[in-house]
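Heads up, the thing below is written out as C-alpha cells.
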2 protein chains.
Amino acid sequence: MSGVRAQQKQKTRQALIEAAFNQLSAEHSFSNISLREVAREAGIAPTSFYRHFKDMNELGLTMVDEAGLTLRQLMRQARRRIASGGSVINTSVQTFMEFIDTSSNQFRLLLRERSGTSKAFRAAVAREIKHFTLELAHYLETETPCDKNHAYMQAEAMVILVFNAGADALDQDSQQLAELTERLVWQLRYIARGSAHYGGH
Amino acid sequence: MSGVRAQQKQKTRQALIEAAFNQLSAEHSFSNISLREVAREAGIAPTSFYRHFKDMNELGLTMVDEAGLTLRQLMRQARRRIASGGSVINTSVQTFMEFIDTSSNQFRLLLRERSGTSKAFRAAVAREIKHFTLELAHYLETETPCDKNHAYMQAEAMVILVFNAGADALDQDSQQLAELTERLVWQLRYIARGSAHYGGH
DNA sequence: AATCTCAGCGTACACTTGTACGCTAAAATA
DNA sequence: TATTTTAGCGTACAAGTGTACGCTGAGATT
C-alpha cells in the first residue's frame, strides 16, 4: 500500500481546485465557469471530473473552505505582527490588503458567493466570516476594556467595513487605494471609539 | 402622430424589464437568466428582444438605474418621516428594511452586481450607492455638528453597514431579523459617536 | 499469479443558448 | 392614397453545456 494511486488522485483533485481558482477573475465568477472548462484546464476529460466531486457545487464549497483557511492563516500572521508592537488597526488593514492583492481570486470567491445564488454557499461564506469575526471579538474583549456583547458587535462592524473596502480595492489604482485605506482606518476608529463609549467598562 | 406605436413599444420594453426582475430570486441572479427566458416571460419572441435592448447587458444596466431610483425615492420618504419627528437611525433602518422586504429583487440586483463580473455593472451600482451616501452625508453635515470630510466617511460607513445587514436579512427569519436590526442600530450609533468624537466641531 | 478496484477516457445525446436573416402587417408619414 | 418604417415572428444554425454508459489499464489486494 504505497499509495501511489491515492497520491495521484489527490494531485488531480488539487489540480481541479487550482484550475477553478485560476478561472476566477474580475470578469468571471464561479457560477459562470463550467465543469468542462475546469476539467480542460486541469488536463482531464470532462467525465473524469465526477471521480473527484459530485458536481460543481461540491467543488465550490471546497474552494470556499480553502479560501477561509487562507484568511485565518492571514489573521494569525496579523496577530503576530501586532504582538510584536504594531498598531492594531493599521496592521490589520495592511495585512488584509495584502491578502486581497496576493490571493485576489480567493477573496473574490468569498466576496461573490457571500451574496450568490446558492444558499449552501452563502452559509459557508458566512461561517468563514463568522470565524474571522469571533476571533477579532475575542481579541478586542481581552485586549481592550470592552463588554462582551459590544465586542462582538464592534468586531462584526469592523469586519464588514474591511471586507467592503477590500471589494472596492479590487477595482482601483494605487492612488485611490491609498485614499480608500485612509478612509477605512478612520471608519474603524469611529467604531472603536463609539464602542468604547457605549460598552467600555 | 397619436403615438400608439411608441406607446406599445414602451409597454413591452417595460414588460421585459419586469420579466427580468421577476426572474431574480434567492437562487437566480442576473448573470444566469437568459435572453430567451426573459423574452418568454415577457411574451415575445426571443429575437424581438433586440428591438428594445442591444443585449442583456443593456437591460441589466437599465434595471440598475431603476433599482437606484427606487432606493432614492425610499430615502426621500425616510427623510419625511424623520422631519416629522422620528429618530434618525431607527427610522432610516426601518425604512431600508421595508425596501428589502417589498423590493427584494431590486435590492438583490444591486447587492450582487456590486461585486459582479461586469465592470460597467459594478460602476453603475457604485454610482447609485454613492448618490445614496452623498445625500446622507449632506444630511449629517447640516443636521449634526460635523466636519464635512468626516460626514462623508461617516455616511459611507453607515451605508455599508446598512447594505450588509440588508443582505443578511434576506436569508433570515423574523426572530433573527430583530436581533440583526438591533445589532445594526448599535453599530450605527458607534459610528455616529466615533465620528462626533473625531470630527465634531 | 490471479483477481479486484477504480481514475481516466471517448462516444453519444438531449438541451439550451445567442443571434443572423428575411418576412409580415400595422402604424406613421408624405 | 401611396409609401415608408418598424415591432414582432419563425426558421435555422453553430456552439457549448451536463452527464449516462461502457471500456481500459495500471495499481492494490488476496
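In what follows, chains carry the letters A, B, and so on, assigned in the order in which the sequence lines appear, proteins first and then strands, with residues in each chain numbered from 1.
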(request) Starting at atom CZ of Phe53(B), determine the distance to atom P of dT19(C), rounded to an integer number of angstrom. (result) 15 Å
(request) Can you tell me the distance, in whole Å, between the CD atom of Gln7(B) and the C1' atom of dT6(D)? (result) 17 Å
(message) Can you identify which nucleotide, out of dG18(C), dT17(D), dT19(C), has its nearest atom closest to the Pro46(B) side chain?
(response) dT19(C)
(request) Look at the side chain of His52(A) and decide which nucleotide, out of dT17(D), dT5(C), dG8(C), has an atom nearest to it. (result) dG8(C)
(message) The side chain of Ser34(B) is closest to which nucleotide in this list: dG8(D), dT19(D), dT17(C)?
(response) dT17(C)
(request) Could you verify whether a donor N or O on one side chain and an acceptor N or O on the other, from Thr117(A) and His28(B), lie under 3.5 Å apart? (result) no
(message) Measure CD/Gln8(A) against P/dG27(D) and give the value in whole Å, please.
(response) 10 Å
(request) Nearest whole angstrom, please: distance from the P of dT5(C) to the NZ of Lys9(A). (result) 15 Å
(message) Less than 6.0 angstrom from the centroid, inside 45 degrees of the normal: does Arg183(B) satisfy that with respect to the ring of Trp186(B)?
(response) no
(request) Taking only the side-chain heavy atoms of Arg36(B) (C-beta and beyond), determine which of dA12(D), dA28(D), dG8(D) contains the nearest atom. (result) dA12(D)
(message) Rounded to whole Å, how long is the line connecting atom CD of Glu58(B) with atom C1' of dT19(C)?
(response) 16 Å
(request) Verify the distance criterion only: is there a donor paired with an acceptor across the side chains of Gln73(B) and Gln77(B) at less than 3.5 Å? (result) no
(request) Consider only side-chain N and O atoms of Asn164(B) and Arg114(A), and report whether a donor and an acceptor are under 3.5 Å apart. (result) yes
(request) For Leu35(B) and for Ile44(A), find the nucleotide of DNA chain C with the closest heavy atom, then tell me which residue's nucleotide is more 5'. (result) Ile44(A)
(message) Does dT17(C) have its OP1 or OP2 closer than 4.0 Å to a side-chain nitrogen or oxygen of Arg40(B)?
(response) yes
(request) For Glu37(B), report the nucleic acid contact type (base, sugar-phosphate, nothing); a contact means any heavy atom under 4.0 Å. (result) sugar-phosphate
(request) Begin from the C-alpha positions of Glu66(B) and Gln106(B) and carry the test side-chain hydrogen bond (donor to acceptor under 3.5 Å, both in side chains) through to its verdict. (result) CA-CA 8 Å; Glu66(B) 198 159 290; Gln106(B) 315 225 26; 5.3 Å; no
(request) Return the nearest nucleotide to the side chain of Thr12(B); candidates are dA27(C), dG8(D), dT19(C). (result) dG8(D)
(message) Quick check for you: among dG8(C), dA27(C), dA28(D), whose closest atom lies nearest to any side-chain atom of Arg5(B)?
(response) dA27(C)
(request) Send over the distance from Phe49(B) CZ to dT17(C) C1', rounded to a whole Å. (result) 13 Å
(message) Without decimals, in angstroms, what is the distance between Tyr50(B) OH and dC23(C) P?
(response) 20 Å
(request) Write down the distance between CZ (Arg13(B)) and P (dT6(D)), rounded to a whole number of angstrom. (result) 16 Å
(message) I want to verify a distance call: between dG8(C), dT11(C), dA20(C), whose nearest atom is closest to the Thr47(B) side chain?
(response) dA20(C)
